[in-house]
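Below: the structure, in structure tokens.
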Protein chains: 2
Amino acid sequence: MPEVIQKTNCTNCLFKSLVFNKLNDSELDFLDQFKIEKIYQKGEIVVNEGDTINDFLYIKTGLVKLFKTGLDGKDHILSVAKPQDFIGFLSMFSNTNYQYSIATIENSTLCFINVPALKKLIENNGVFALDILDKMSLAVDGILDTRISLCSRNLRGRIALLLLYFSDEVYHKDEYILPLARKEIAGLIEMTTENVIRILSEFRHDGLIEMDGSEISLLNKKLIEAISTAG
Amino acid sequence: MPEVIQKTNCTNCLFKSLVFNKLNDSELDFLDQFKIEKIYQKGEIVVNEGDTINDFLYIKTGLVKLFKTGLDGKDHILSVAKPQDFIGFLSMFSNTNYQYSIATIENSTLCFINVPALKKLIENNGVFALDILDKMSLAVDGILDTRISLCSRNLRGRIALLLLYFSDEVYHKDEYILPLARKEIAGLIEMTTENVIRILSEFRHDGLIEMDGSEISLLNKKLIEAISTAG
DNA sequence: TAACAAAAATGATATATATCATAATGATGT
DNA sequence: ACATCATTATGATATATATCATTTTTGTTA
């Protein structure tokens with residue numbers, strides 16, 4: 001359960017330009033009545049697969065994973081999402097219930113916006129509607145790209161891709177703490193836990209990375225990129 | 001090149017209810033000025049990767065494939081699309097150029113609708129905007145589901161999934177003519193051409209299917225479904 | 001119809017990946 | 001501080017898949 005629930009003001013929100021830049025002040029005021037902000041610790045469940053979709057979720061800060069538990073009991077991670085990834089748009093329009101679960105993998109602040117209220121704004125503001133379509137389209141492009149390139153890569157290529165993803169897209173640093181356990185990585189890039197561990201060790205032996213538990217530092221990014229492309 | 005170009009009338013179109021059911025007659029008349037219909041033979045290129053996106057593409061009849069040519073020279077099929085799949089919505093909003101190529105794999109009739117005209121309608125008709133969001137969302141859900149389940153299946157499972165896809169989603173029959181060559185199937189479900197052939201032969205030897213060239217008939221659907229689920 | 005090219009088919013072999021077993025390490029609760 | 005459990009780690013082996021080589025079939029064109 002989120003520990004803190006905040007009532008903040010959309011018009012003053014640092015992030016409004018990222019999501020709601022096509023709305024005017026009175027529209028933002030309207031939205032204020034229908035939104036709530038929650039602060040989560042790392043590792044908390046935000047929604048469970050099957051839950052009714054009442055709110056559009058927006059990640060203000062932090063990192064979450066979208067996942068499904070398969071018939072084999074293993075978790076499959078559909079996507080890791082960070083601020084501006086607009087994962088909330090994904091099944092909000094096509095389904096009444098979540099097709100996946102969401103959990104935080106970093107301390108995160110999420111904004112919950114009532115779906116009917118949001119739909120009313122879309123209906124009444126055509127420019128906003130087009131903007132939402134743009135953002136949704138971009139989000140989808142990204143997820144599809146990642147998924148397809150995962151399928152056609154070998155294990156080393158997938159690990160390389162993952163390391164680069166966290167370095168380039170999430171932390172913007174060559175050193176970072178992997179927010180996912182080896183087992184979770186396995187579920188994200190569709191391989192066994194043992195092979196995740198094995199290949200990370202391989203990369204260390206080959207001088208590509210330094211590694212202490214979940215602390216990772218990329219030593220030879222050029223080569224990692226080459227492996228990611230060639231794989 | 002498409003052999004025939006037709007000027008038809010949206011208001012009388014059999015398919016308008018599938019795509020444009022939220023538009024009134026005057027809006028449909030407006031659209032008429034900005035659309036064109038083309039008839040393609042099987043195997044024709046509709047758009048090339050990198051082409052400027054000028055039109056929203058709607059599949060009236062037939063079957064197309066969306067594909068990219070990889071660095072290795074092999075084609076990777078992103079998706080096979082049939083009427084009502086609304087693939088045209090995919091990167092229309094997020095990109096000015098196609099991120100993939102499109103070719104017909106059956107004789108097909110496609111409708112080309114000018115993008116700025118369509119956007120104007122979206123901007124002016126909020127209910128239509130929400131409807132487009134719904135359809136786009138559904139299209140994406142489908143593609144993602146397929147992709148993710150492909151990644152986590154073994155070769156036999158993937159072939160089973162493919163056979164069922166054409167049977168259940170496309171032809172609605174247990175006998176059909178595979179519209180894709182073995183090599184294309186390989187590019188669609190990420191395996192080698194040899195293994196596609198081998199596993200299809202295996203399925204025939206095991207009495208799961210009958211096969212003569214591209215004529216396929218599913219003999220034991222229950223078992224094929226089991227293989228698809230278990231794989 | 002012959003001649004050719006492409007696709008389909010099959011087997012042998014190499015490589016990549018998963019599975020199983022076992023140990024070391026680290027975290028958690030008592 | 002100890003027992004317990006999950007995670008990380010590594011090796012041995014089995015299995016799945018890709019690659020390479022060769023033949024057969026099919027379709028196309030002269």
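By convention in this document, chain letters (A, B, ...) are assigned in the order of the sequence lines, proteins followed by strands, and residues within each chain are numbered from 1.
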Notebook entry, point to check: Between D/dT8 atom P and A/Ile177 atom CD1, what is the distance in whole Å?
Noted result: 14 Å
Item checked: salt bridge (Lys or Arg N to Asp or Glu O under 4.0 Å) against B/Asp55, all qualifying residues, sequence neighbours excluded -> none
Could you list the donor-acceptor pairs under 3.5 angstrom formed between side-chain atoms of residues 195-202 of chain B and any protein atom two or more places apart in sequence or on another chain?
residue	atom	partner	partner atom	Å
B/Asn195	OD1	B/Arg198	NE	3.2
B/Asn195	ND2	B/Thr192	OG1	3.2
B/Ser201	OG	B/Ile197	O	3.0
B/Glu202	OE1	B/Arg156	NH1	2.6

Check: Tell me: CD1 of A/Ile209 to C1' of D/dT8, nearest whole Å?
Finding: 14 Å
Notebook entry, point to check: Any side-chain heavy atom of B/Val64 within less than 4.5 Å of one from B/Leu57?
Noted result: no
Item checked: Straight-line distance of A/Leu138 CG to A/Lys135 NZ, nearest 0.5 Å -> 9.0 Å
Next item on the list: Please check if atom NZ in B/Lys173 has more than 12 non-hydrogen atoms from other residues, nucleotides or ligands closer than 6.0 Å.
Entry: no
Next item on the list: Encode nucleotides 14-26 of chain D as B, S and - characters from 5' to 3', where the letter depends on protein heavy atoms closer than 4.0 Å: B to the base, S only to sugar-phosphate, - to neither.
Entry: ---SBBB------
Check: How far does the helix from C/dT1-D/dA30 to C/dT30-D/dA1 bend, going by the axes of its first and last five pairs, to the nearest 10°?
Finding: 50°
Notebook entry, point to check: What integer distance in Å separates B/Ile197:CD1 from C/dA6:P?
Noted result: 16 Å
Next item on the list: Please check the phosphate of D/dT8 (OP1 and OP2 only) for any side-chain N or O of A/Thr193 closer than 4.0 Å.
Entry: no
Checklist line | Those residues that, when tested against B/Cys111, pass disulfide (SG to SG under 2.5 Å) (two or more places apart) | finding: none
Pair up each side-chain donor or acceptor in residues 214-221 of chain A with any protein partner under 3.5 Å, not counting sequence neighbours, and list the distances.
residue	atom	partner	partner atom	Å
A/Asn220	OD1	A/Leu223	N	3.2
A/Lys221	NZ	A/Ser167	OG	3.0
A/Lys221	NZ	A/Asp168	OD1	2.9
A/Lys221	NZ	A/Asp174	OD1	2.9

Next item on the list: Can you establish whether the number of heavy atoms outside B/Lys183 located under 6.0 Å from its atom NZ is more than 12?
Entry: no
Notebook entry, point to check: A/Glu215 CD to C/dG26 P: how many Å, rounded?
Noted result: 12 Å
Item checked: Between P of D/dA9 and CD1 of A/Ile185, the distance in whole Å -> 10 Å
Check: C/dA7 C1' sits how many Å from B/Leu200 CG, rounded?
Finding: 13 Å
